[in-house]
Amino acid sequence: MTLRLHNTLSREKTEFAPIDPDNVRMYVCGPTVYDFAHIGNARPVVVFDVLARLLRRLYPKVTYVRNITDVDDKINARAAETGRSIKAITRETAAQFHEDMGALGALPPDVEPRATQHIKQMVAMIETLIANGNAYEAEGHVLFNVPSMPDYGQLSRLKQDELIAGARVDPAPYKKSPADFVLWKPSPEDDGLPGWASPWGRGRPGWHIECSAMSKEYLGEVFDIHGGGLDLVFPHHENEIAQSRCAHGTAVMANVWMHNGYLMAEGEKMSKSLGNFYTVHDLLQEFPGEAIRLTLLKAHYRQPLDFTKDGIREAKAELDGFYGALRGAAPAAEGTMSDAVLNALCDDLNTPLAISELHGMAATVNKAAAADKAAAAADLRTAGGLLGLLQQDPEAWFKWQPPAQADAGGGLSDDEIDALIAERVEARKAKDFARADAIRDQLTEARIIVEDGADGATWRRG
């Protein structure tokens with residue numbers, strides 16, 4: 001099976017050739033933990049979770065590293081705004097991130113380094129850059145000297161004036177070039193900001209150096225795949241490349257650079273600064289995580305996605321169809337992986353095509369003779385697992401209700417529904433159709449959908 005991936009660096013889709021086929025190495029930029037993750041933050045988590053699952057299907061070992069940024073000016077600002085400690089903010093926000101991403105079916109990375117635990121590695125890399133003539137100290141800061149790297153800008157392919165404008169740089173008087181960016185910044189002890197001892201005084205790292213140091217620590221100087229959102233191409237990933245290549249003397253930092261497209265809301269990029277976003281935490285109070293995940297996968301990862309609640313409702317209806325097919329089949333052993341689904345994902349993660357193939361497999365389950373249904377359902381579940389879908393018990397899926405409603409005791413409980421359905425069965429046996437219809441009306445009013453079949457009645461929450 002040939003895996004082809006679109007490489008932002010070359011702007012081409014090419015056959016993936018790992019450096020070491022026995023250990024594929026991938027780094028993805030993780031969250032800055034100062035607030036709840038919004039659904040735009042979740043898209044790269046879900047996209048690269050699918051890629052990690054696919055790579056593990058194709059190769060014997062995958063080392064997937066996704067960092068946590070726990071030292072950053074946004075975190076400092078949130079601490080000043082709320083009066084809470086940086087430690088408390090980062091601890092609680094990271095825990096919420098893990099909970100929310102787990103609800104979306106994202107598996108944890110193999111390694112999840114925190115920036116604050118790798119200051120020593122950052123300082124060492126900065127010292128190397130200074131020694132190589134690629135960085136300089138100025139007024140307590142250390143800056144990367146962009147003109148020292150003749151081919152800076154290959155990833156974003158921006159011209160020099162566009163690079164400067166796009167970086168939204170501070171035109172500080174101590175900079176040799178307006179495009180130079182910070183590797184280390186001062187943190188005087190009396191300003192309340194986090195800081196560490198360094199050859200340049202007490203300070204803290206710039207954002208970009210964090211990922212360069214952590215990726216090198218766990219994946220080496222050159223690795224296979226670096227991923228993240230399209231908004232990170234410049235300046236973050238461009239600057240990571242500059243730091244890493246100049247520190248290590250390599251031609252590349254990663255062989256393949258992959259970027260997911262923006263999430264849109266009413267035609268505009270979704271972002272916290274615009275205020276037009278949904279947090280994953282809030283969406284999970286209203287919708288099952290698997291429906292949110294399917295919504296994110298229904299568009300190709302490189303394309304923009306207009307994210308709406310109606311879209312999640314449509315995704316939930318699709319999942320109802322999938323789980324409906326699985327519901328009628330007895331559990332079976334591990335199924336056979338669908339070549340069609342695998343081929344779709346090997347074509348630059350074509351998740352829309354893979355999902356379409358799942359629909360065809362669900363139709364096969366529904367049409368299968370009783371003797372073949374369990375095997376067909378097992379194949380569907382196995383193929384769905386490659387996308388992180390269809391791994392729940394069908395009964396649990398259909399009985400899900402929003403957490404807030406469940407916590408408040410709103411609506412009918414599972415036991416109450418089962419009792420009403422049993423009463424309805426007895427009423428029909430006794431030909432008390434008025435009572436049977438009244439029970440069905442009561443269930444319908446409670447948004448419980450009853451489906452009568454040859455094997456009896458089943459129900460699901462609407």
Side-chain angles (χ1 to χ4, degrees), residues 103 105 282-295 308-332 358-381 384 389-462:
D282 286 346
L283 287 171
L284 288 169
Q285 306 311 304
E286 192 174 349
F287 302 101
E290 192 168 347
I292 299 171
R293 182 185 182 94
L294 178 57
T295 306
T308 65
K309 288 188 176 182
D310 282 343
I312 308 176
R313 294 183 185 99
E314 291 173 7
K316 184 181 181 303
E318 286 187 56
L319 287 164
D320 285 347
F322 288 131
Y323 278 112
L326 295 173
R327 190 180 206 176
L358 291 182
H359 280 286
M361 296 179 73
T364 298
V365 176
N366 288 327
K367 295 174 184 176
D372 302 324
K373 193 174 285 289
D379 291 349
L380 173 59
R381 190 182 289 275
L389 301 170
L390 308 184
Q391 303 307 291
Q392 296 186 52
D393 175 71
E395 295 304 321
W397 168 260
F398 286 120
K399 292 178 181 180
W400 181 90
Q401 59 180 321
Q405 180 179 323
D407 292 344
L412 296 172
S413 69
D414 292 357
D415 289 344
E416 289 171 329
I417 296 167
D418 288 336
L420 284 169
I421 288 178
E423 183 183 349
R424 177 173 173 266
V425 169
E426 292 303 315
R428 294 179 72 181
K429 285 181 181 178
K431 300 189 183 302
D432 186 354
F433 298 115
R435 177 57 185 154
D437 290 345
I439 293 172
R440 189 176 190 109
D441 290 344
Q442 181 182 352
L443 291 169
T444 300
E445 187 176 345
R447 298 184 64 183
I448 306 302
I449 300 166
V450 180
E451 296 170 345
D452 294 310
D455 297 325
T458 59
W459 63 268
R460 59 186 172 89
R461 296 184 188 274

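Throughout, residue positions are numbered sequentially from 1 according to the sequence presented.
With rounding to the nearest 0.5 angstrom, the CZ atom of Arg440 is 12.0 Å from the CD1 atom of Ile448. With rounding to the nearest 0.5 angstrom, the CD1 atom of Ile312 is 4.5 Å from the CG atom of Leu283. We find the NZ-CD1 distance between Lys316 and Ile292 to be 12.0 Å, quoted to the nearest 0.5 Å.
With contacts defined as side-chain heavy-atom distances shorter than 4.5 Å, the pair Pro403/Gln285 qualifies. The side-chain heavy atoms of Trp397 and Leu319, taken from C-beta on, include a pair separated by under 4.5 Å.
Residue Leu380 comes nearest to Phe322 through the heavy atom pair CD2-O, 4.4 Å, listed as atom of the first residue, atom of the second, then distance. Heavy atoms only, all atoms of each residue included: Thr295 and Gly311 are closest at OG1-O, 3.7 Å. Residues Ala315 and Leu294 approach most closely at O-CD2, 3.5 Å, considering heavy atoms. Scanning both residues, Arg313 and Glu286, for their nearest heavy atoms gives NH2-OE2, 3.6 Å.
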Got a list of side-chain donor-acceptor pairs under 3.5 Å for residues 359-367, not counting sequence neighbours?
| residue | atom | partner | partner atom | Å |
| --- | --- | --- | --- | --- |
| His359 | NE2 | Glu318 | OE1 | 2.8 |
| Thr364 | OG1 | Gly360 | O | 3.1 |
| Asn366 | ND2 | Ala362 | O | 3.3 |

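Each side chain to side chain donor-acceptor pair (under 3.5 Å) pair with one or both residues in residues 321-332, not counting sequence neighbours, appears once here: Glu290-Tyr323, Arg327-Glu395.
Remark: Ala329 engages Lys373, Ala377 in a side chain to side chain contact (heavy atoms under 4.5 Å, CB included) (not counting sequence neighbours). Applying the side chain to side chain contact (heavy atoms under 4.5 Å, CB included) test to Glu314 and every residue at least two apart in sequence or in another chain returns Lys298. Take Asp379 and apply the salt bridge (charged side-chain N to carboxylate O under 4.0 Å, His left out) test, not counting sequence neighbours, and it matches no residue. Legend: residues meeting salt bridge (charged side-chain N to carboxylate O under 4.0 Å, His left out) with Arg293, ordered by chain and number and at least two apart, are Asp49.
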